[in-house]
Student: 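Quick one: this structure, given as structure tokens, is what I'll be asking you about.
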Amino acid sequence: MHFYYSYLVMRIGGASALADATAGKDGGFQGRAVCRGGKRLRELAELEPFQAGYLATTHSQPRACSATARARWS
């Protein structure tokens, strides 16, 4: 789920938000964009938007479902 967090931080704080946090600018990882990104990620998780067991899915499983036409998009 780290990519959602990174995406949200960059949407809130701009393209340099993560680099700035790493460099300690504007409060580092306690800065506005990073904290707001975390809050938004928590809000997303509270919606329970993913299927059960999604965290246990390996990288190859979704590709295999798509390749064998077992993936359902409805």
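Quick caveat, the model's predicted, so the values are computed rather than measured. When a residue number appears, it is its place in the shown sequence, counting from 1.
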Student: Testing the basics here: between L44 and P49, what is the closest heavy-atom pair and its distance to 0.1 Å?
Tutor: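 Looking at all heavy atoms of both residues, the closest pair is O-CD, 3.3 Å.
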Student: Take a 6.0 Å sphere around CZ of F29 and say whether it holds more than 12 heavy atoms from other residues, nucleotides or ligands.
Tutor: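 Result for CZ/F29: enclosed.
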Student: Could you tell me the separation between the CG atom of L41 and the OH atom of Y7, rounded to the nearest 0.5 Å?
Tutor: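 Interatomic distance, L41 CG to Y7 OH, rounded to 0.5 Å: 13.5 Å.
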Student: Search all heavy atoms of G37 against all heavy atoms of L8 and return the closest pair with its distance.
Tutor: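 What the structure gives for the nearest pair is O-CD1, 3.9 Å.
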Student: Suppose the criterion is salt bridge (charged side-chain N to carboxylate O under 4.0 Å, His left out): which pairs have a residue in residues 6-28, not counting sequence neighbours?
Tutor: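 Checked against salt bridge (charged side-chain N to carboxylate O under 4.0 Å, His left out) - neighbours excluded - the pairs reaching residues 6-28 are D20-K25.
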Student: Scan residues 31-40 for pairs that pass salt bridge (charged side-chain N to carboxylate O under 4.0 Å, His left out), counting only residues two or more places apart or in two chains.
Tutor: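 Qualifying pairs: R40-E43.
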Student: Taking all non-hydrogen atoms of both residues, which atom of L18 and which atom of S6 are closest, and how far apart?
Tutor: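 That would be CD1-CB, 3.9 Å.
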Student: Using every non-hydrogen atom in the two residues, find where I12 and A33 come nearest and quote the distance to one decimal.
Tutor: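 Closest approach of I12 to A33, heavy atoms only: CG2-CA, 3.9 Å.
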